[in-house]
Amino acid sequence: MNFFRRAIRYRWRQKIRSIILLLVFTLLSSAALTALSVGHATEEGTADVKKTIGASIRIEIDSGNQNNYGPGAENANGMSYQYNGDYITQDVIDAISKVEGVASYSAESEGGYYGAAVDFDYFPGAFNVDVSGHGQLVPYTVTMNSGLSIKFLNGTYALEEGRHITPKDSFAVLISQELAEKNHLSVEDTITLYSLDTQREDVFEIVGIYSGTEGMAKDAMMADGIAANQGYIDMNSYQRMWNETTLELGSLDVYVVSAENVQDVLETIQNLPEIKDKTFTYSTNTENFDLISNPLTSLQTLMDTAVIVIAVTGAAIIVLLLVLWTRSWKKEAGILIAVGRSKVEIVLQFLTENILVAIPAVAASLGLTALLAEKVGAYLVSQTDSDITGLNVTIHSADIAAVYGIGALILILAVFLAAVTVVRLKPRIILSEMD
Amino acid sequence: MSILEFSDLKYSYEGKQNVLRGISGKMEQGKLYAILGPSGCGKTTLLSLLGGLDSPDSGRILFDGIDIAASGLADHRRNHVSFIFQAYNLIDYLTPAENVSLTSKLPPLPILECLGLTKEEAKRNVLKLSGGQQQRVAIARALASEAPIILADEPTGNLDEDTARDITEILKESAHGMNKCVVVVTHSNELAKQADVVLRLKKGKLSM
């Protein structure tokens, strides 16, 4: 009977030991794989935050400088002054977008547009005052890039269908899932909004529907205070509504790849020919990045520590178990040596016995991790101060290779340590110790 | 012609000097040898040396004229000798049949049946067998190996009188009927009476 057959029989007939070892292997590798996966998810989350929020540079027209205004003109409301300085135009945006270190850019005006629902209904407030004659006016965020809007970045809202608004969109709108369901609307449908400011009706195509407003209060005084009613529209349509032929923005947020080089990027932008002599002001902001990334960085450190603790504890537990079971193994080793089996074959049998448990443990731990990692990640993130509501936890093949590779090394080392205490002895000593 | 020959064997171990003080002897196939002596005199040590479980401090052991140290102790254990222990030393998660298969590729059942075990008993866990049955399994394992030498350390030490008598008969038959060289370390005078040659070990010296 060869060592492989003996190993199979040992595992099958020593069921309690096999089950204990299977549980230990499964739980340890699941814990390690979960910690690694959550660690990587936080790392990726931090990288995403860094990439999208990172540090940002706000470029604004210098509206506070008196020199940029012409002579005042009197009207019914008093004196009015015309801003004669530069605006942020498409040429400026294009030049900035090409600067190395710039990840993205966006301009946004929260509540920059108020629209009444012409061909659909909002959730009503307690008092529904119609000042427009077309229904209640509800605020929309005018955005160049809704994916960079803070509520999407911090996970308050999540895009469920369709896509985000991009700088190329025109008359595009994002609405909440609740509002879509209330009005049986879906992506590619259109809605008509009336603006009291422009006194015109405009038709918008729904390009995306997002979740996140569920559970938010619906008992506001007016419809404009209900989050589910509010939405996002694109920047180009806003320009057109005001009959502006060219894009002229008052401010632009430029997101840089890394917070470390924000000053270098700012310097480069300020020296661009399209910008150099323009009447703009500049400021940098790393607050959002710090707010979101610091808790994630702490979580990542926690996960890295957890992986090390699990690896060390796991190795200790496995060695302890194997050494505890060495007593009966010693007897078997003595018998096998007495019948002429080599020490190498005996150690191979011992190793095979453990590999036979490790194989189903790999499958079990993969399943367990797939089942739990997402939930563990969400729970851990919820315990931090971060505004982020969840992590995209996926099990990477590199993590699988690392956990099972290191696990295999620990197992081989543990088997070797347990075996060496026996096989280094002379056969006669092993047999006399058995007696 | 002797199959096993040992000359001037000396052995000491930590805590006990001169366990064997240069003993010599020859053993032949077809004979049952009994080694007698007081406890701690080195009987089991001698058996271990003859079986290649340990090496002497000095002296030589020849199997069929060849030094076992030169051919390799593991090879000697695998091909030339088989052991029977007082505590049976069966692998407890294997059946009797599987224990016998450790030393032989031949079907284990016939030999187990020859030694008085039924087919059902041969497939049971060894721990569910009586002491006598376990020792029969150990003997079956030794006989199945086809090694010409059987080394038995107190094979009847844990058995009742009737079973001990049966086991002695089996050992005797192994020597005379199967042409094995059977070396038994024992305290049992009954067993020694059945031996063809009785050797006495006292104070590290061997005498007839």
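These numbers were taken from a predicted model, which means no experiment stands behind them. Residue numbers begin at 1 in each chain, while the letters A, B, ... track the order of the sequences.
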Student: Checking an interface table here. Which of residues 4-15 of chain A come within a heavy-atom distance under 4.5 Å of chain B?
Tutor: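 Heavy-atom contacts from residues 4-15 of chain A to chain B are A:Arg6, A:Arg9, A:Tyr10, A:Arg13, A:Gln14.
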Student: Where on A:Ile337 is there a heavy atom nearer than 4.5 Å to chain B: the side chain, the backbone, both, or neither?
Tutor: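 Interface part for A:Ile337: both.
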Student: As an exercise, state the distance from NZ of A:Lys426 to OG of B:Ser48, rounded to the nearest 0.5 Å.
Tutor: 10.5 Å
Student: If I take atom CG from residue B:Leu53 and atom CZ from residue A:Arg428, how far apart are they, to the nearest 0.5 angstrom?
Tutor: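 Here the interatomic distance stands at 9.0 Å.
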Student: Kindly determine whether B:Arg78 and A:Val339 satisfy side-chain contact (heavy atoms from CB on, under 4.5 Å), including the steps that lead there.
Tutor: CA-CA 6 Å; B:Arg78 187 162 46 245; A:Val339 300; over 6 Å; no
Student: At their closest point, which heavy atom of B:Phe83 faces which heavy atom of A:Ala338, and how far apart are they?
Tutor: CD1-O, 3.4 Å
Student: Output the distance between atom CG (B:Asn89) and atom CD (A:Glu332), rounded to the nearest 0.5 Å.
Tutor: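 One gets 11.5 Å once the value is rounded to the nearest 0.5 Å.
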Student: Sort out for me which residue in B:Leu90, B:Asp92, B:Ile91 forms a side chain to side chain contact (heavy atoms under 4.5 Å, CB included) with A:Ile335.
Tutor: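 Result for side chain to side chain contact (heavy atoms under 4.5 Å, CB included) with A:Ile335: B:Ile91.
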Student: So, does B:Arg77 use its side chain to make a donor-acceptor pair with the main chain of A:Gly340 at under 3.5 Å?
Tutor: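 A pair under 3.5 Å: no.
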Student: More than 12 foreign heavy atoms under 6.0 Å from CD1 of A:Ile16: is that the case here?
Tutor: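 It does not: A:Ile16 CD1 has 12 such atoms or fewer within range.
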Student: Does CZ belonging to B:Arg200 count more than 12 external heavy atoms closer than 6.0 Å?
Tutor: no
Student: So with a 6.0 Å cut-off around NZ of A:Lys343, is the heavy-atom count from everything else above 12?
Tutor: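 Result for NZ/A:Lys343: enclosed.
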Student: Side chain from CB out, backbone as N, CA, C, O: work out which of these in B:Glu98 comes under 4.5 Å of a heavy atom of chain A, or both, or neither.
Tutor: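 Its backbone and side chain both get close to chain A.
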